[in-house]
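Predicted, not measured: the structure shown is a model, and the values here were computed from it. What's counted below: heavy atoms across the whole structure, side chains too, no hydrogens, waters or symmetry copies.
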Amino acid sequence: MDDKTTQLFEPRPLDGGLSRAGAAKPAADYRTPPHNEEAEQALLGAILVNNKAYEKVGEFLRAEHFYDPAHQRIFSAIAKMVERGQIANPVTLKAYFDNDPELAPDGGAGYLAQLAANVVTVVNAGDYGKTIHDLFLRRQLIEVGTDMVNEAYQHDLDIDAMDQIETAEKQLFDLASTGDVRGGFIAFSESLKAAITTAETAFRRSSHVTGVTTGLRDMDRKLGGLHPSDLIILAGRPSMGKTALATNIAFNAAKAHMRTNGGEGAPVGFFSLEMSAEQLATRILAGEAEVSGDKIRRGEIKDSDFPKFVAASQELSRVPFFVDDTPALTIAAVRTRCRRLKRTHGLGMVVVDYLQLLRGSSTRGNENRVQEISEITRGLKAIAKELEVPVLALSQLSRAVEMREDKRPQLADLRESGSIEQDADVVMFVYREQYYLERGEPARRPEESEDKYNDRYANWQKRYAEVHNTAEAIIAKQRHGPIGSVRMFFDGQFTKFGDLDTTHDFGPTE
């Protein structure tokens, strides 16, 4: 049917033949779930009259969003035919609904003709679709609320109150994610403006970094900083220094934000699932005051160290760095706490140490670990996109690294799930050759000559000297840039990473 029939549509009164014959009036003391039967009838009639009306609602509206079961079946049949390229009208659909028990009280397939006959225009089809969708969400909210009340009354020893809260939060988040109908295409001109603004911001910064600075010169050059909406995976074997590097990056970002009054860096939320907040603070204090953390723990502190502590603590107390050391958090709890922190103090970066210590949804206890890790990585990526912040998540590597002669990590070494590599925008590995050389100091072999042993030992000493106090950040995947390695300085005494000075200016030569 052409568009010449389009005029302002007003649905006819229900006594004009469109009231559902089987619908009983609700009792005075019974509240019916939110719905709008007239809007459902008007939308279905508009689509039956002109199938182009389906284009206005087909992206977000589904059959289950309708309140009336008969309307659900009609919309489902219409959608199937339209998406096949066929015409859906009362004539072509008649065979589907001749013997439909849901429409029998209204005259069977004749109800379709009534829907179409009462339509004057299709102009408002999109608005009717949004109304139907909004009322569906309200019914879902009522269902979630009812479940919350019923579960709260139950005393299940396996599920405590916090688990129930996190389950409810996840249900609400899922409902919000699937219920947003505002998405769609954006004009390229708008995207282009955003890209130029980002480039201009980087140009005006002295560091020329578009994202959140890591505080490490060479890493910032390679990555361009840590970008909003990105999931960055930092992985390594135990004792490689991945927690130390993540802490350094996070604290450098928070410190830059404080020193530039928000010009660079970002407020940081740090989820420390492995170390307590006190242990993390001790590590940061040791690095800033340049006093060994081991000596701090043992109390072997000199009188001259206390002024360093005071000076460092005065600056540290002003840094927008927030630590949550709650163990075994669910991904739903991480999302909720990030939202809360952004609302109360601002949030520009999230760090999770480490993702294998997170839990998936508490309602999915029967899933295997691979599926759970997949849920966690998808959840972290969703947090990055929703809050528009970089999420830096630490990850363990499999023991396969130790079995190889070359101990440098590879993407295949990521533990438990290929989804880590798939969901991440950047994957970095921390590698310290010094760690392996220290544990592989050559010993004289049986029947080995002294000269041969001395040569082997000399080669080991030479290599050890080359890599002493150094580390590598191996960028194995970067969605928006090149891969490669970044060499860094590493001070094991203070567990502190820094820029590696590979060239020295000794002044003019004679």
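- Atom NZ of Lys477 has more than 12 neighbouring heavy atoms from other residues, nucleotides or ligands inside a 6.0 Å radius.
- Contact annotation: the side chain of Leu245 approaches that of Met488 to within less than 4.5 Å [non-hydrogen atoms, C-beta and beyond].
- Taking CD1 of Ile483 as the reference point, atom CD1 of Ile475 lies at 9.5 Å (rounded to 0.5 Å).
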**Asked** Does the side-chain contact (heavy atoms from CB on, under 4.5 Å) test come out yes or no for Asn248 and Leu216, once each step is laid out?
**Response** CA-CA 9 Å; Asn248 287 175; Leu216 300 168; 5.8 Å; no

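- Surrounding CD of Glu388 are at most 12 heavy atoms belonging to other residues, nucleotides or ligands under 6.0 Å away.
- Taking the side chain as every heavy atom from C-beta outward, Met428 and Val486 never approach each other to under 4.5 Å.
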**Request:** Go through Asp425 and His227 one step at a time and tell me if the side-chain contact (heavy atoms from CB on, under 4.5 Å) criterion holds.
**Result:** CA-CA 10 Å; Asp425 298 281; His227 299 273; over 6 Å; no

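- No side-chain heavy atom of Glu274 sits under 4.5 Å from any side-chain heavy atom of Leu394.
- Closest approach of Ala256 and Thr213 over heavy atoms only: CB-CG2, 3.8 Å.
- Here the rule is side chain to side chain donor-acceptor pair (under 3.5 Å) with Glu386, and of Lys381, Lys342, Arg335, Arg339 only Arg339 fits it.
- The line from CG of Leu347 to CZ of Arg340 is 12.5 Å long, rounded to the nearest 0.5 Å.
- The structure places CG of Leu380 at 10.5 Å from CD of Glu375, a figure rounded to the nearest 0.5 Å.
- More than 12 heavy atoms of other shown residues, nucleotides or ligands fall within 6.0 angstrom of atom CZ in Arg444.
- In this structure, the side chain of Arg432 does not engage the main chain of Val467 through any donor-acceptor pair within 3.5 Å.
- No more than 12 heavy atoms of other residues, nucleotides or ligands sit less than 6.0 Å from atom CD of Glu278.
- If you take OG on Ser485 and CZ on Phe429, they are separated by 11.0 Å, rounding to the nearest 0.5 Å.
- Shown are His468, Arg463, Arg408; of these, the side chain to side chain donor-acceptor pair (under 3.5 Å) with Glu433 is made only by Arg463.
- In terms of heavy atoms, Asp230 sits closest to Ala384 at O-CB, 3.8 Å.
- Within 6.0 Å of CE in Met275 there are more than 12 heavy atoms belonging to other residues, nucleotides or ligands.
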**Item:** Trace of the side-chain contact (heavy atoms from CB on, under 4.5 Å) decision for Asn469 with Phe489
**Value:** CA-CA 6 Å; Asn469 278 4; Phe489 171 77; 3.9 Å; yes

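- With a 4.5 Å cut-off on side-chain heavy atoms, Val351 and Ile249 do not count as touching.
- Atom-to-atom distance recorded for Leu355:CG and Ile420:CD1 is 5.0 Å, nearest 0.5 angstrom.
- Between Phe251 and Val268, every side-chain heavy-atom pair lies at or beyond the 4.5 Å cut-off.
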**Prompt:** Passes side chain to side chain donor-acceptor pair (under 3.5 Å), Asp325 versus Ser276? Steps please.
**Reply:** CA-CA 5 Å; Asp325 62 357; Ser276 69; 5.1 Å; no

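- When each of Arg404, Lys407, Arg237, Arg399 is checked for a salt bridge (Lys or Arg N to Asp or Glu O under 4.0 Å) with Asp413, only Arg404 meets the rule.
- Ring geometry, Tyr464 versus Trp460: the interplanar angle falls under 30°, so the pair is classed parallel (tilted spans 30 to 60°).
- The minimum heavy-atom distance linking Val212 with Gly348 is given by the pair CG2-O, 3.9 Å.
- The main-chain N or O of Gln396 is found under 3.5 Å from a side-chain atom of Gln356 such that the two form a donor-acceptor pair.
- Checking Arg337 against Thr326 by side-chain atom types alone, a donor-acceptor pair falls below 3.5 Å.
- When every heavy atom of Ile284 is checked against every heavy atom of Phe321, the shortest pair comes out as CD1-CE2, 3.8 Å.
- Across all non-hydrogen atoms, the minimal contact from His65 to Arg139 is O-NH2, 2.9 Å.
- For Asn459 (side chain) and Asp455 (main-chain N/O), a donor-acceptor pair under 3.5 Å exists by modelled atom type.
- Of the residues listed (Val391, Leu387, Asp324), the one engaging Cys338 in a side-chain contact (heavy atoms from CB on, under 4.5 Å) is Leu387, and it is the only one.
- Between Arg138 and Asp134 a salt bridge is recorded (basic side-chain N to carboxylate O distance below 4.0 Å).
- Side-chain contact check for Val389 versus Met349: every heavy-atom pair is 4.5 Å or farther apart.
- For the pair Asp220 and Arg217, the salt-bridge criterion is not met [side-chain N within less than 4.0 Å of a carboxylate O].
- Taken to the nearest 0.5 Å, the CZ atom of Arg439 stands 10.5 Å off from the CG atom of Leu437.
- A heavy-atom distance below 4.5 Å is found between the side chains of Met240 and Tyr436.
- Residues Glu466 and Lys462 are in side-chain contact: their nearest non-hydrogen atoms beyond the backbone lie under 4.5 Å apart.
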**Asked** Where do Lys130 and Phe60 land on the side-chain contact (heavy atoms from CB on, under 4.5 Å) test, with the steps shown first?
**Response** CA-CA 9 Å; Lys130 290 176 182 176; Phe60 64 88; 3.9 Å; yes

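- Listed here is the closest heavy atom pair of Ile233 and Leu414: CG2-CD2, 4.4 Å.
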